[in-house]
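Below: one structure, written as structure tokens.
None of the values given here were measured: they were computed from a predicted structure. Order of listing sets the numbers, starting from 1, for every ligand and every atom in it. Along the sequence shown, residues are numbered consecutively beginning with 1.
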Amino acid sequence: MIKISVTSKLDGIRSWSLQALDTCPGSISSPGVLVDACKGCYATTGNYNYPNVKAPRLSNREDWERVDWVSDMVSALQNDRFFRWFDSGDMYTLGLAEKILEVMRLTPWCSHWLPTRMHKFPKFALVLQEMRALPNVSARFSSDSINGKYTKGLHGSVIVADPDQTTKAMTLCRAYENAGKCSGCRACWDRSVKVIAYPAHGRKMNKVIQILKAA
Ligand code: SF4
């Protein structure tokens with residue numbers, strides 16, 4: 001059964017998610033070591049540890065393999081004009097990525113935002129290229145940096161330690177000025193916005209920044 005989640009940040013916009021880290025092969029820089037951006041992952045702390053938050057994510061991991069999953073997702077999105085893939089987790093396997101592409105194709109009325117690190121794996125190049133060719137898809141490749149470093153033309157989002165690190169080439173996420181809510185901003189879905197800068201937030205991420213500064 002399709003399990004959709006809603007995060008308070010996104011003005012009620014719905015998401016389909018998986019368990020963080022377990023489904024994030026792009027989060028690993030070397031055996032046992034996470035990339036900086038994933039060391040302070042919000043989806044491994046707080047509410048995300050509650051059983052009622054974990055349960056749909058664990059269920060989705062099995063559910064997407066069903067034959068009817070694509071048509072069920074298309075039905076589930078009938079009334080959505082914006083949708084976010086992966087409030088937590090990532091499209092860890094090609095079979096899932098291909099099914100998500102099919103859902104995107106079959107829901108042209110809905111604008112899809114998909115943040116991912118799977119661009120690191122060459123076998124995902126074609127499916128990501130096909131997603132990006134769709135006018136209703138904003139597939140953003142996440143930089144691993146938490147200090148505003150990104151590769152122009154590759155990455156579509158990066159974490160900044162402080163809003164002051166935002167350059168002219170980036171669009172700053174201002175949710176922090178609006179009680180942590182998008183409040184009508186849809187920059188992440190906007191294909192003309194090249195790079196979004198997300199200010200680091202959360203106790204765990206701030207700790208990572210302090211450790212890196214001291215290193
Ligand atoms: S950039 Fe805009 S749409 Fe994206 S998360 Fe921030 S407030 Fe929301």
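Nearest non-hydrogen protein atom to atom 2 (Fe) of ligand 1 is C185 SG, 2.3 Å. In terms of protein heavy-atom proximity, atom 6 (Fe) of ligand 1 is nearest to C173 SG, 2.3 Å.
Surrounding CD of E62 are at most 12 heavy atoms belonging to other residues, nucleotides or ligands under 6.0 Å away.
Just one of L101, L77, L134 meets the side-chain contact (heavy atoms from CB on, under 4.5 Å) condition when paired with H112; it is L77.
Which parts of ligand 1 touch C182 is read off a 4.0 Å heavy-atom cut-off, strictly below it: atoms 3 (S), 5 (S), 7 (S), 8 (Fe).
Checked against the 6.0 Å centroid threshold, F141 and H119 count as a close aromatic pair.
Contacts of K9 with ligand 1, taken as heavy-atom pairs under 4.0 Å, involve the side chain alone.
Among the backbone and side-chain atoms of C188, no N/O/S atom is found under 2.8 Å from atom 8 (Fe) of ligand 1.
In this structure a side-chain-to-backbone donor-acceptor pair under 3.5 Å is missing from N147 to K149. One N or O on the side chain of W64 and one on the backbone of R61 form a donor-acceptor pair closer than 3.5 Å.
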